[in-house]
Number of protein chains: 2
Amino acid sequence: MSHQLKEALDTLKETGVRITPQRHAILEYLINSMSHPTADDIYKALEGKFPNMSVATVYNNLRVFREVGLVKELTYGDASSRFDFITTHHYHVICEKCGKIVDFHYPGLDEVEQLASHVTGFKVSHHRMEIYGTCPDCAIKEAH
Amino acid sequence: MSHQLKEALDTLKETGVRITPQRHAILEYLINSMSHPTADDIYKALEGKFPNMSVATVYNNLRVFREVGLVKELTYGDASSRFDFITTHHYHVICEKCGKIVDFHYPGLDEVEQLASHVTGFKVSHHRMEIYGTCPDCAIKEAH
DNA sequence: ACACTAATTGTAAATATTATAAAGTAATAA
DNA sequence: TTATTACTTTATAATATTTACAATTAGTGT
């Protein structure tokens with residue numbers, strides 16, 4: 001079992017969230033996949049292990065994980081939400097052609113948050129930033 | 001007629017997009033509303049003027065406007081997409097309690113885009129950033 | 001005014017997500 | 001270990017958003 005998974009399970013215990021086989025599997029998949037799956041991706045990936053699992057279970061548990069702070073929900077206009085296991089502070093670079101998402105480590109934009117708080121009077125909790133463009137693969141395809 | 005509306009109509013003409021009464025009204029509403037309405041908001045607001053207008057028309061035209069670059073689509077997890085008439089470069093500060101969206105002017109994060117491009121090899125086209133927190137009104141309500 | 005082409009309408013369908021109730025199961029303590 | 005209890009899962013239905021489609025209507029250039 002990975003260190004990250006162990007930590008995640010500890011977090012669940014501390015917050016009084018029951019550890020069910022489904023939750024265990026969803027977390028494990030999120031951590032190992034290294035991608036940013038949709039709820040349906042997760043559902044399909046675990047169909048083999050849990051033939052009786054309901055889609056609702058995936059959604060329920062992703063919400064639980066989000067509330068506990070283990071998982072971040074990424075929403076885009078066109079498709080369904082994607083879910084990302086939170087590790088270190090990073091942003092995402094998204095290919096507009098094929099939808100690929102690449103992690104991009106960058107120091108948090110604290111200064112922007114502070115200015116926003118000052119100008120608008122909001123009590124700022126966090127921010128979200130994504131960068132959009134064309135990935136190298138798609139750029140090559142386009143050139144042909 | 002506002003300057004912005006006139007310019008927007010010119011843009012449509014230049015790109016060969018027909019100017020229909022519905023499109024005129026949707027643009028006008030977007031410009032005047034100073035808010036960030038959902039497709040349904042727009043539909044409801046124009047029901048009086050266009051009793052026969054279809055929801056599909058609103059969606060179709062918002063997509064057209066987005067393709068032409070007049071309108072930006074903002075997507076969040078919980079609710080439906082919101083649409084914003086593009087004026088100057090600004091970001092949004094969003095209240096997590098009541099959903100209020102406030103504009104926040106800030107110089108573009110060009111440096112981040114450049115670094116992302118360098119690190120990931122992407123050809124970057126644009127980025128998106130939002131700041132989340134609690135608005136002053138909701139902060140007062142909470143204190144009571 | 002005419003003809004051509006695109007837009008609107010109304011409806012249906014697709015998709016994503018949430019709600020609900022019944023059945024099952026993990027955690028806790030005796 | 002077992003009984004208890006509250007939380008979870010499941011299965012299904014419901015809701016909501018958005019798109020697709022075919023027939024009708026309406027802009028626009030000549």
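Numbered from 1 within each chain, the chains take letters A, B, ... in sequence-line order.
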Picking from D:dT8, C:dA7, D:dT10, the nucleotide nearest the side-chain atoms of B:R23 would be C:dA7
Query raised in the report: Looking only at side-chain N and O atoms, does A:Y59 come under 4.0 Å of OP1 or OP2 in C:dT18?
Result: no
A:I42 CD1 to C:dA16 P, in whole Å, measures 13 Å
Hits for side-chain contact (heavy atoms from CB on, under 4.5 Å) against B:E96, two or more places apart or cross-chain, chain-then-number order -> A:S125, A:H126, B:Y132
Note: contacts of residues 44-53 of chain B with DNA chain C (heavy atom, under 4.0 Å) are B:N52, B:M53
Hits for side-chain hydrogen bond (donor to acceptor under 3.5 Å, both in side chains) against A:K49, two or more places apart or cross-chain, chain-then-number order -> none
Practice item. Determine, stepwise, if the pair A:Y91 / A:H127 fulfils ring pair (Phe, Tyr, Trp, His ring centres under 6.0 Å). Key: CA-CA 11 Å; A:Y91 298 101; A:H127 69 268; 5.7 Å; yes
Separation of C:dA16 atom C1' from A:L74 atom CG, nearest Å, is 16 Å
Rounding to 0.5 Å, atoms OG1 (A:T75) and CG (B:L74) come to a distance of 10.0 Å
Nearest-nucleotide check on DNA chain C, A:S54 vs A:D40; residue mapping nearer the 5' end is A:D40
Residues at least two apart in sequence or cross-chain that pass side-chain contact (heavy atoms from CB on, under 4.5 Å) with B:I86, listed by chain then number, are B:K72
Listing time: all N or O pairs from protein to nucleotides 21-30 of chain D that are below 3.5 Å?
from	atom 1	to	atom 2	distance (Å)
D:dG27	N2	B:R18	NH2	3.3
D:dT28	OP1	B:I19	N	3.3

**OP:** Select base, sugar-phosphate, or nothing to describe what B:N61 touches, counting heavy atoms under 4.0 Å on all strands.
**Re:** sugar-phosphate
Output for pair (B:F104 CZ, B:E130 CD), nearest 0.5 Å, gives 13.0 Å
For residues A:T38 and A:D41, is any side-chain donor paired with an opposing acceptor at under 3.5 Å?
yes
B:R82 atom CZ is separated from D:dA16 atom P, nearest whole Å, by 16 Å
Between NE2 of B:H24 and P of C:dA7 the distance, given in whole Å, is 17 Å
Which of A:T11, A:L62, A:V64 passes side chain to side chain contact (heavy atoms under 4.5 Å, CB included) with A:L70? Answer is A:T11
Would you say A:T57 reaches D:dT10's phosphate, i.e. side-chain N/O to OP1/OP2 under 4.0 Å? yes
Between B:D40 and B:K44, is there a salt bridge with N-O shorter than 4.0 Å? yes
From OH of B:Y43 across to C1' of D:dT17 the rounded distance in Å is 14 Å
- Report yes if a side-chain nitrogen or oxygen of A:Q22 is closer than 4.0 Å to either non-bridging phosphate oxygen (OP1 or OP2) of C:dT25; otherwise report no. no
Residue set satisfying side-chain contact (heavy atoms from CB on, under 4.5 Å) with A:V102, at least two apart, ordered chain then number -> A:K100, B:T120, B:F122
Rounded to whole Å, the CG-P distance (A:L12 to C:dA26) equals 15 Å
Whole-Å distance, A:L62 CG to C:dT17 P, equals 10 Å
Does OP1 or OP2 of D:dT17 have a side-chain N or O of B:T38 closer than 4.0 Å? no
B:R63 CZ to C:dT8 P, in whole Å, measures 11 Å
